[in-house]
Amino acid sequence: MTNQNFGQPIPPPPMYPAPPPKKGLGTGAIIAIVIGAVIIACCGFGAIVSVFGGDDTQPSAVAATDDAPPPAASPAAVVSPAAPKPTEAAAPDGPVAVKVGQALNLKARGSETKVTIKSVKKAKSDNMFDKPERGQYVAVNVDIFATKGQTDLGPSNFRLIAKDGTVYQYEILVAGIDPQLDAMTTVEQGQRKTGLVVFDIDPEKFAGLKVQVSDDYGDVQGYWTS
């Protein structure tokens, strides 16, 4: 342009320097800002919890437990021991054993017999020719009574048992020791037969002898001890 007044050209308006370009935040600055925000948030949350927690004026359960005395222990219940139950007498294990002079009640094939050993004694034959081979005769006095039905018990049903277990059978033919128990007589109900059963034993085994009775099948029914 031309200045009409002075005939001079009008100078152009002055040029101002352009503002520097804005720089973006660096990575380190962003991380610092985030960490600061997290710390501020945590502090604020802690303050809120502290404020609300401070308003609770009730004592805690732990404090109450520490301050209060422990409750008195209740006395243990006294339980009286139960009275022992009466026990029944156990059945005898095996054949019955009784003393000489006592009776045994034997049952076999529907019959019942009362048998008693009255005595067990050393014996000597009146016959000079009849001597014990083992050294000593023993006479067992037997009483047999049929209480029900009939019985055929005889000398073969009896044994002598020594203390060491030696078994002696009766002697069939011994003269001079009477009256011997009849081997062939059947005893009817209500009837009785008595007599001696003779054994030949070692004289050193006389002490502690016991008499054994068996049924006709060989099953031991009982014992008599001295």
Taking the side chain as every heavy atom from C-beta outward, state whether [X] and [Y] have any pair of such atoms under 4.5 Å apart.
| X | Y | answer |
| --- | --- | --- |
| Glu112 | Asn105 | no |
| Val211 | Val120 | yes |
| Leu196 | Ile177 | yes |
| Tyr170 | Leu160 | no |
| Arg134 | Phe199 | no |
| Phe158 | Val140 | no |

Could you measure the distance from the [atom1] atom of [X] to the [atom2] atom of [Y]? Nearest 0.5 Å is fine.
| X | Y | atom1 | atom2 | answer |
| --- | --- | --- | --- | --- |
| Leu153 | Asp215 | CG | CG | 8.5 Å |
| Lys124 | Lys131 | NZ | NZ | 6.0 Å |
| Tyr223 | Arg159 | OH | CZ | 11.0 Å |
| Gln212 | Ile161 | CD | CD1 | 4.5 Å |
| Ser125 | Asp200 | OG | CG | 11.5 Å |
| Leu104 | Gln221 | CG | CD | 9.5 Å |

Is it true that Asn157 and Ser214 share a donor-acceptor pair across their side chains at a distance under 3.5 Å?
no
Give the minimum heavy-atom separation between [X] and [Y], together with the two atoms involved.
| X | Y | answer |
| --- | --- | --- |
| Ile172 | Gln180 | O-OE1, 4.4 Å |
| Ile117 | Val100 | O-CG1, 3.4 Å |
| Gly149 | Ala146 | O-CB, 3.8 Å |
| Trp224 | Val213 | CZ3-CG1, 3.5 Å |

Derivation of the side-chain hydrogen bond (donor to acceptor under 3.5 Å, both in side chains) call for Asp130 and Tyr137
CA-CA 10 Å; Asp130 204 337; Tyr137 283 133; 2.7 Å; yes
Between the side chains of Asp143 and Arg192, is the shortest nitrogen-to-carboxylate-oxygen separation below 4.0 Å, so that they form an ion pair?
yes
Is there a chain of hydrophobic side chains (I, L, V, M, F, W, Y, each step under 4.5 Å between heavy atoms) that links [X] to [Y]?
| X | Y | answer |
| --- | --- | --- |
| Val174 | Val197 | no |
| Ile201 | Leu181 | yes |
| Val96 | Leu106 | yes |
| Val142 | Val167 | no |

Could you tell me whether the side chain of Thr185 and the main chain of Asp182 form a donor-acceptor pair under 3.5 Å?
no
For Val187 and Gln150, what are the C-alpha separation, side-chain angles and deciding distance, and is it a side-chain contact (heavy atoms from CB on, under 4.5 Å)?
CA-CA 6 Å; Val187 182; Gln150 64 181 24; over 6 Å; no
Is it the case that over 12 heavy atoms from other parts of the model lie below 6.0 angstrom from the CD atom of Glu188?
yes
Counting neighbours of CD on Gln102 that are heavy atoms of other residues, nucleotides or ligands and sit closer than 6.0 Å, is the number greater than 12?
yes
Think Lys122 forms a cation-pi with Phe206, using NZ or CZ under 6.0 Å from the six-ring centre and within 45 degrees of its axis?
yes
Is it possible for you to check whether Lys114 lies under 6.0 Å from the centre of the six-membered ring of Phe145, through NZ or CZ, and within 45° of that ring's axis?
no
Between Thr166 and Lys205, is a side-chain hydrogen bond (donor to acceptor under 3.5 Å, both in side chains) present by the stated rule, with each step listed?
CA-CA 9 Å; Thr166 303; Lys205 297 182 180 181; 3.1 Å; yes
